[in-house]
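In what follows, a structure is listed as structure tokens, so that the remarks can point back to it.
What's counted below: heavy atoms across the whole structure, side chains too, no hydrogens, waters or symmetry copies.
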Amino acid sequence: MSETERKSSNYNSVTMKVYRKFKQKVALKNSLAKETLSEFFATCLLIILGCGCVATSVLSNRSSDAYLTNNLGFAMAVTIAVYVAGGVSGGHINPAVSFAMCLTGRLKWAKFPFYVSAQFLGAIAGSAAVFGIYYDAIYNYTGGILTVDGPNATAYIFATYPMPYLSILGGFADQVTSTALLLIGVFAIFDNKNLGTPKGLEPIAVGLLILLLGLSLGMNSGCAMNPARDLGPRIFTAMAGWGMEVFTSGNNWWWVPVVGPMVGAAIGAFIYVLCIEAHYSNDMEDTHNSLEADHCEKQELTNMA
């Protein structure tokens, strides 16, 4: 081994030692803390990537392809966010998903407030990041006047707002329906007793589901389907200069994409259990339980490593 190779090997060894010590120092010991941080980070990432796509469309005046760009962007953002957090917390990034998981025994109720708080805080942090990145562009586009309505409105970069023709009742039905379909799809994608999805490809399937829902049901109000994705950025815009109009606009629209998805999530979970999950045979149940036990054992060994 040459002198250069020996020095390079020593540098690599030192780097790995420092890296391992750093991981040991910052590693969280509590599993709930790990999951909470994971949900915060993934939701923040979702908003940065998703709302970043909307900002690009709005601020560059690309109105012709904005609908497709925004839906593709959010679908890919969800995919990446689930990949990032899926192995730690499941990558819910959505209080409605966490709520449905609790209702069906897939998540402990004790964890629910931690997940939801992390998701809302992550959404606010993500909104702040998008605002900081596009600060100059926003003020160039608006002339320094931040508005919710009008030709230079920019509030909808961050949160969803209804089309002028949409009633509150129609919007509520829109959010309930789209979120119910979301949960039916999510339950099917992660259901090992059903056809399932090849391991590691679940986030891509979820992203395609988001894309489909956005393209088919997004015209009325942007198809939020996620209370954190909508209310978190809305709270940020209220503090960042858009004012309280973000809550009063659209006939006080703000609560619809918060309450509607929670109701839709419960309905979607109930429909999937009623129409699909409740009808598996006992043999399939036994096989599934065996696979779950094997998976838990492997996961436990992985955590001990």
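Put simply, the side chain of D191 gets close to the backbone of K193: a donor and an acceptor are under 3.5 Å apart. With hydrogens and angles disregarded, no donor-acceptor distance shorter than 3.5 Å links the side chain of T147 to the backbone of G150. A distance-only check finds a donor-acceptor pair linking the side chain of D230 to the backbone of T160 [under 3.5 Å]. Judged by distance alone, the side chain of N251 and the main-chain N or O of I168 form no donor-acceptor pair under 3.5 Å. Formation of a donor-acceptor pair under 3.5 Å by the N71 side chain with backbone atoms of Y67 is found in this model.
When all heavy atoms are compared, the tightest approach of S57 to N70 is OG-OD1, 3.2 Å. Between P162 and S221, the shortest heavy-atom contact is CA-CB, 4.1 Å. Looking at every heavy atom in both residues, M219 comes nearest to Y165 through CE-OH, 3.3 Å. Contact detail for T104 and A100: the closest heavy-atom pair is OG1-O, 2.9 Å. Closest heavy-atom contact between V246 and W254: O-CB, 4.5 Å. Listed here is the closest heavy atom pair of M225 and S178: CG-OG, 3.4 Å.
Evaluation of the side-chain contact (heavy atoms from CB on, under 4.5 Å) rule for Y83 yields T79, L201, P203, I204 as partners, not counting sequence neighbours. Scored by the side-chain contact (heavy atoms from CB on, under 4.5 Å) test, M262 finds P95, A96, F99, F112, P227 as partners (sequence neighbours excluded).
Relative to the ring axis of F187, R106 places its NZ or CZ within 45° and under 6.0 Å from the centre.
Between W255 and F172, the ring planes lie tilted relative to each other; the angle falls in the 30° to 60° range.
Atom CE of residue M101 and atom CG of residue L103 lie 10.5 Å apart, to the nearest 0.5 angstrom. Atom CD1 of residue I93 and atom SG of residue C44 lie 12.0 Å apart, to the nearest 0.5 angstrom. For the atom pair CE of M16 and NZ of K21, the computed distance is 13.0 Å after rounding to the nearest 0.5 Å. Annotation: the span from N140 atom CG to L59 atom CG amounts to 9.0 Å, rounded to 0.5 Å. Distance check, rounded to the nearest 0.5 Å: CG of L68 to CG of L215 gives 6.5 Å. Separating the CG atom in N94 from the OG1 atom in T43 is a distance of 8.5 Å, to the nearest 0.5 Å.
Side chains of P261 and N226 form no contact here, defined as non-hydrogen atoms less than 4.5 Å apart. You'll find the side chain of T197 stays beyond 4.5 Å of the side chain of F190, heavy atoms only. Under the 4.5 Å side-chain criterion, counting only non-hydrogen atoms from C-beta, P257 is not in contact with L231. Taking 4.5 Å as the limit, every side-chain heavy atom of F74 sits out of range of all side-chain heavy atoms of C223.
Placement of L217 and V263 within a single hydrophobic cluster is found when ILVMFWY residues are connected by side-chain heavy-atom separations under 4.5 Å, directly or transitively. Residues V206 and Y115 share a hydrophobic cluster, clusters being chains of Ile/Leu/Val/Met/Phe/Trp/Tyr side chains in contact below 4.5 Å. Residues M76 and L213 do not share a hydrophobic cluster, defined by chaining ILVMFWY side chains whose heavy atoms lie under 4.5 Å apart. Under the 4.5 Å side-chain heavy-atom criterion for grouping Ile, Leu, Val, Met, Phe, Trp and Tyr, Y161 is connected to M244 within one hydrophobic cluster. At a threshold of 4.5 Å between side-chain heavy atoms, the hydrophobic network of Ile, Leu, Val, Met, Phe, Trp and Tyr places V82 and F40 in two separate groups.
Hydrophobic cluster membership for L32: F114 (Ile, Leu, Val, Met, Phe, Trp, Tyr linked by side-chain heavy atoms under 4.5 Å, directly or transitively). Through chains of ILVMFWY side-chain contacts below 4.5 Å, I80 is grouped with F41, L45, L49, V84. The hydrophobic cluster containing F270 also includes L274, under a criterion of side-chain heavy atoms closer than 4.5 Å among ILVMFWY residues, counted directly or through chains of members.
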Which side-chain N or O atoms in residues 116-136 pair as donor and acceptor under 3.5 Å with protein atoms at least two apart or in another chain?
| from | atom 1 | to | atom 2 | distance (Å) |
| --- | --- | --- | --- | --- |
| S117 | OG | P113 | O | 2.7 |
| Q119 | NE2 | E39 | OE1 | 2.9 |
| Q119 | NE2 | S98 | OG | 3.1 |
| S127 | OG | A123 | O | 2.8 |
| Y134 | OH | T56 | OG1 | 3.0 |

Is there a side chain to side chain contact (heavy atoms under 4.5 Å, CB included) between N220 and M163 once you walk through the steps? CA-CA 6 Å; N220 283 335; M163 294 294 283; 5.5 Å; no

Requested in this report: Just do the side chain to side chain contact (heavy atoms under 4.5 Å, CB included) check on Y19 and Q24 with the steps written out, would you?
Outcome: CA-CA 9 Å; Y19 176 61; Q24 289 171 358; over 6 Å; no

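Ring centroid separation for the pair F247 and W253 does not come in under the 6.0 Å cut-off.
Using a 4.0 Å cut-off between a side-chain N of Lys or Arg and a carboxylate O of Asp or Glu, R234 and E245 do not qualify as a salt bridge.
Residues N152 and T142 have side chains that never bring a donor and an acceptor to within less than 3.5 angstrom of each other.
Of the residues listed (L181, T179, D174), the one engaging T177 in a side chain to side chain contact (heavy atoms under 4.5 Å, CB included) is L181, and it is the only one.
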